[in-house]
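To start, I am sharing the structure in question, which I have written as structure tokens.
In what follows, chains are A, B, ... by sequence order, proteins preceding strands, each numbered from 1.
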Amino acid sequence: MSEIRAIRGMGDILPADTPVWRAVEATVAATLTSYGYSEIRMPILEKTALFKRSIGEVTDIVEKEMYTFEDRNGDSLTLRPEGTAGCVRAVIQEGLINATRRLWYGGPMFRHERPQKGRQRQFHQIGVEVFGIATPDIDAEMIVLSNRLWKALGINEGLQLQINSIGSPAARAAYRDALVTYLGQYRDALDQDSQRRLESNPLRILDSKNEKTQSILRDAPSLEQYLDAESAQDFADLRRLLDAVGIDYVVNRSLVRGLDYYNKTVFEWVTDRLGAQGTVCAGGRYDSLVGQLGGKPTPAVGFALGMERLVLLLQEQGAGSALEEPSVYVVAAGDEAQQQALVTVERLRDQFPQLAIVVHAGGGSFRSQMKKADKSGARIALIWGTDEVSNATVTVKALRGQARQQTIALSELGHFVSGSAALTD
RNA sequence: GUGGCCGUAGCUCAUCUGGUAGAGCACCGGAUUGUGACUCCGGAGGUGGCGGGUUCAAGACCCGUCGGCCACCCCA
């Protein structure tokens, strides 16, 4: 019988890695809370139409990357490929756009892509969205906030901020036409992917990796020339604010977001330390999406960060993936000793809820139990045998330091533990 | 979806130009019977991803398939 394996691209996050994940999640939650953001949790499954209407019918995500299936009622459902659509749906449905909202969420997303470094089919994002603010001060807040996060995580050195403005939908459409007209002259000279993108997503040609395509692009019309006055002004204001708080950035006029709903300011935090998937965090403004999904027209801005990429970056920089080790390992041989140990340890847990204590289970000699105690990484072993039981004592043995083994009265155990800084730090 | 590289014990890998598989680490047990680490001894663990083919003989060669990694594409 062949073993059942996980679905391709949907890996397990193993015990060696979960501490890093938890650290990142805790830092994210704390930072967002400190900026006044509230957490929202949405379902992982939504109606397929939600993603088609928000992300864009002709994007790769919708065309070939979604996990879509019919449920038992015949409704077409889709495992969410990103979080913004569901978040917007939720705030409309639950009546949360009556006022300014600063929200965040986290969880798994699903895209049927070919897995590679920094890209899984089930991956995890933290999403941050703000509804009801049209001015670029909130764009700046997004960036300032993310910048603080990198500092808190200690990865700010490895990240570069890129920003751009893609203008109003009308400006972008006008530019798009101009670009297509220009590139159409050189259609045959373009690489194959770019020729295809001429129909599907012309702006994407701007960041083609093909050299010949890039040389053709040198004389192409620029997005900047087509920018509407308001977008240009907002972008200038954003830059002024970033300069004022001292955040470095590069203006990347080729930076175009992949999803249809973006407008005006877009930004990305990128790294060159993760191979081809260098975007750790990306976002921008999406002022028309709420209206497009049936809500009262509401300006919005948001970003998403890729947890796997963040964790990779952290580990790339040598972030420990050490297992979490207990402080105390309890060794007991014989029925009475085991019983005594269980009762005493439960009392100890009442007294020291933070203390990590592993009680040996599964029997074995003192010797084999001590081996397990050592391997557990615990600082001390608490040992019960027949002597301890009859004398109402427990033996304490240091497994790491030089301290001598000692046998103390059970009544002294709590006192002993609170006196050991190494155990209760 | 396309391409390159790879697939031998839980992990990292060896097995020279085809002759029926090995090491280190990890795991389990033991070294005068209540004590870990270091050392020593012993043990368990592989239908060599799977299926076909070539051959007297294949882990090694060929084909297919599945899986992994990386890149393209796309994107967080």
> With both distances under 3.5 Å as the test, what is the Watson-Crick or G-U wobble partner of G34(B)?
Replying inline: none
>> Need one value for R197(A): base, sugar-phosphate or nothing, where a base atom within 4.0 Å counts as base even if backbone is also close, heavy atoms only.
In response: sugar-phosphate
> Could you go step by step and tell me if E141(A) and R102(A) meet the salt bridge (charged side-chain N to carboxylate O under 4.0 Å, His left out) rule?
Replying inline: CA-CA 11 Å; E141(A) 178 173 299; R102(A) 286 174 165 85; 2.8 Å; yes
> Touch check for G283(A), heavy atoms < 4.0 angstrom, all strands: base, sugar-phosphate only, or nothing?
Replying inline: nothing
> Hey, does Q192(A) reach any base, or is it just sugar-phosphate, or nothing, if we go heavy atoms under 4.0 Å?
Replying inline: nothing
> Base, sugar-phosphate, or nothing for R5(A), non-hydrogen atoms under 4.0 angstrom?
Replying inline: sugar-phosphate
>> Regarding T395(A) and E388(A), do their side chains bring together a donor and an acceptor under 3.5 Å, going by distance alone?
In response: yes
> Is G45(B) paired to anything, Watson-Crick or G-U wobble with both distances less than 3.5 Å, and if yes, which nucleotide?
Replying inline: none
> Do T407(A) and T393(A) get their side chains close enough for a donor-acceptor pair, meaning under 3.5 Å?
Replying inline: no
> If each of K371(A) and D193(A) is mapped to the nucleotide of RNA chain B with the nearest heavy atom, which maps nearer the 5' terminus, i.e. the 5' end?
Replying inline: K371(A)
> So what does A333(A) hit on the nucleic acid, given a heavy-atom distance under 4.0 Å: a base, only sugar-phosphate, or nothing?
Replying inline: nothing
> For K64(A), which contact category applies under a 4.0 Å heavy-atom criterion: base, sugar-phosphate, or nothing?
Replying inline: nothing
> With sugar-phosphate meaning primed atoms plus P, OP1 and OP2, does K397(A) contact a base, only sugar-phosphate, or nothing at under 4.0 Å between heavy atoms?
Replying inline: base
>> Students often get this wrong, so: under 4.0 angstrom with heavy atoms, is E268(A) touching a base, only sugar-phosphate, or nothing?
In response: nothing
> Hey, does Q369(A) reach any base, or is it just sugar-phosphate, or nothing, if we go heavy atoms under 4.0 Å?
Replying inline: nothing
>> If you assign each of S365(A) and T386(A) to its closest nucleotide in RNA chain B, which residue comes earlier from the 5' end?
In response: S365(A)
> Closest heavy-atom contact between I133(A) and D137(A)?
Replying inline: CG2-OD1, 4.1 Å
>> At less than 4.0 Å, is any side-chain N or O atom of K372(A) found next to OP1 or OP2 of C28(B)? Yes or no.
In response: yes
